[in-house]
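Structure, as structure tokens:
Numbered from 1 within each chain, the chains take letters A, B, ... in sequence-line order.
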Amino acid sequence: MSVLAGKRKRQELASSLSATLSNEERVVYNIIRGRKEMGIWQGDIKRETNIPDSLMKKSIKMLLAKTLIKEVVNIQNKSKKVLMAAEFEPSKEITGGEWYTEGKLDTQLIEALSDVCMKLILRQKVSTREGILDWIRKVGTEIFPGGVSAGQVEQILKVLVLENKVQEVNSTGFGDFASVPAGEVCYRLAKKTAVGVKVGAMASFPCGVCPRINACTPDGVISPTNCQYFEKWLDF
Amino acid sequence: MVQQYGIKFALHLINKHFGNVVSKVCENLFRRGLLTLDQLIQYTQLTKDQVKNSLLVLIQHNCVQPFLLDDDDVNNLKVRTQYLALFDNIVHRLRFPKFLETVLLRLDEECVDILDGLLRDGRLTLKQMVDRASQGKENTVTTKVVRESLCKLLTARFVERCPAREPVVSTSFKETTIRKRGVKSAKIFETPKTLEQRVLEAAMPGDAIRFSLTADTVLNVDGEKKSDDVQMNSVEENVVEEEQILWRANFEEFIRHLRHKVLIENVRSQHDDGTATVLSAVLEATKTVEKNVKMENSVPLSLDTITTEVMKTDTGRALTIDRIKASLSQLGCSSSSVVDDLYSIDLKKIIEQARNEDVESIVLKRYGNDAYRMFRLLSKGSSFLDTDKIAACTLVESKKALKFLTQLWNDNYLHMETVPVVTGRRSSDIFWWKVNQPLLWINVLDEMYHAALNLSIKMADEQKKNEEVLNVPKHKLKEPGPLQKEYKRLLNVWLLLGSSLMKLDDALMLFHDF
């Protein structure tokens, strides 16, 4: 449906429905609808109208029952739900973007997509964003029934680079990179993933990773001679 | 400038090796800077003899350098010796086993014995080395044998002549400028040297004397004549003078060697054996012409020279010129960066990468995976990022992101700025975050010194707590039972603490000496 056609249809719907609403409900509905995909918090509606509190709450309840409006969790403030006309999709600022479901980060989706990317890169030695996307569209529909976007795959790959599991490189067109045109961005396992992430000297014993190191002194309440973490570490 | 735990750790080492009194003198030199003998007596409240003896011990072991400060004041006729504590040399005492291992790998056991003597006693003459080598042996070790080993150590520059007793250092400094000829040039400002650097420079003899065995340098270690005009001394006079020269370990060369080792190993793990071989050949060929240990770039060499050096090595013989070129490219020597057909490798970058890996490893273990991703995002970039942007890029919830970022900032791993934002009637702060690498590394280094101090204290504590077990005769420990079990546990504890300290010392060198 074109944008104009969509707009006309919403206007027709609005005018047919407004005939069935009370005055208060109509006022509240118009305010909510006016905020489109951003929606509005109940407290803000109260500030814009002179409708008494109880009547306003009743109107909102009726509008929800008639499915003219919906409640959306606001990622900026989860305790303040946002009211939105039913026909609008909440903006990214409200939902948090494609990684958020009902105001929560969809960690299951992130983990599943990370897992798929890692396995493909391990199997193919070198993968591109498009290659991974193609595989998901052809074979991975059961794992991702809602599908995934190119942006999501790219973001997951960047996160894997930040986790030092994957390296972003430019293809040379030779050897392992033979299937990827020279110069194109592609991804391979970071060397450290294959041999194991190197643990630095500081990170290999209690003091190096101790959250209390700044409070620790040779003769203090927390000291190396009475430290519980040390005792545990040396308890063979 | 050394941070607080660096000084505490250095003082702990002095205390452990030389006792409380010497440690007190050293502490005052660290806390108050350069001091004369009278000032030290005043501040330490020790007797004159105690202070004098402590200074002699510290000088003997190269932990303090005396010098005369020339303040260009013609009216000031009184020249007073001042004393400078040498932090680096004190901390090097922790890594004597590594220095001995280096000599064992590169030279032989006899050289290790001589070095061991120098490290234990601070400085020795040739005669003292001979006496030491002969102790406990049926036949006296000849001077010739000891001299040969000393020559090997001098050629490798692991041993040097002791510096001048009390060099004169001027108080004034001049801005150093370099002008390019014939080109519109700007004065290039070089950071003025610290007083410590100037004292050490003034004390150090030139290379020709520093690594020369003969007293009046008529013949140097390579057997070349130095000067035809110098009156030849008699052989006896030369021998007498030679035996009076004081020698000591050249810490600089050992640190250079260890730095090269770390550079090569890092390149090996990041790239491959071939590239590590190329770097190793370049560093080996240029080590005697490096101006200082912390060279940012390797000494420029032509491809021909590099190829020749690579092919001298066992592993390098299999490499073709194309393979060598590919390795140089991996090391950052692309065709655009090569000047006058000379290749120079960015060593500073390799060291910085190794430091970043160590810091990231700490962040991962201490703060978790989410914080690790955010820290890596910030350390890869050089500009500020706001909380929401960081959360979006790393797929961490905003509130959680703010919590981790604040923790990192509290512990001085991040730099933070707040920017007030007014939207309508509301005003709020937006937090912007950044990694300030130089400050971060200073902070991490101090934490490392703190951790090293903790390990040392724990080792001493374990020894004290288990003194009884350690004093039990060895034959009783061979009998199975609780005593043997306790002894074995103690050995394991000792091994773990000791090896952790040695591993941590590698990190100390990475952040301070390399």
Open item on the list: Need one label for A:Thr225: side chain, backbone, both or neither, based on atoms under 4.5 Å from any heavy atom in chain B.
Closed with: both
Task: Portion of A:Ser223 that has a non-hydrogen atom of chain B nearer than 4.5 angstrom - done: neither
So which of [options] has the largest heavy-atom pair count under 4.5 angstrom toward chain A?
options	value
B:Lys365, B:Lys465, B:His12	B:Lys365
B:Asp388, B:Leu455, B:Val444	B:Leu455
B:Thr394, B:Asp461, B:Leu496, B:Leu504	B:Leu496
B:Ile362, B:Asp505, B:Asp411	B:Ile362

Open item on the list: When you compare the side chain of A:Trp135 with that of A:Leu120, does any pair of heavy atoms fall below 4.5 Å?
Closed with: yes
Region of [X] in contact with chain A, defined by heavy-atom distances below 4.5 Å:
X	value
B:Leu453	side chain
B:Gln407	neither
B:Asn454	both
B:Tyr367	neither

- [ ] Verify, without hydrogens or angle tests, whether A:Ser114 (side chain) and A:Ile110 (backbone) share a donor-acceptor contact under 3.5 angstrom.
- [x]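 Checking the backbone N and O of A:Ile110 against the side chain of A:Ser114, a donor-acceptor pair under 3.5 Å is found.
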For [Y], is there an ion pair with [X] - N to carboxylate O distance below 4.0 angstrom?
X	Y	value
B:Glu265	B:Lys261	no
A:Lys104	B:Glu397	no
A:Glu231	B:Lys458	yes
B:Glu486	B:Arg489	yes
A:Arg35	A:Asp44	no

Open item on the list: Among B:Ile390, B:Asp370, B:Thr387, exactly one meets side chain to side chain contact (heavy atoms under 4.5 Å, CB included) together with B:Val396. Which residue is that?
Closed with: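 Passing option: B:Asp370.
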Open item on the list: Looking only at heavy atoms and a cut-off of under 4.5 Å, which of A:Cys227, A:Cys216, A:Gly208 has the most pairs with chain B?
Closed with: A:Cys216
TODO: Select, from A:Gly200, A:Pro224, A:Pro206, the one with the greatest count of heavy-atom pairs under 4.5 Å involving chain B.
DONE: A:Pro224
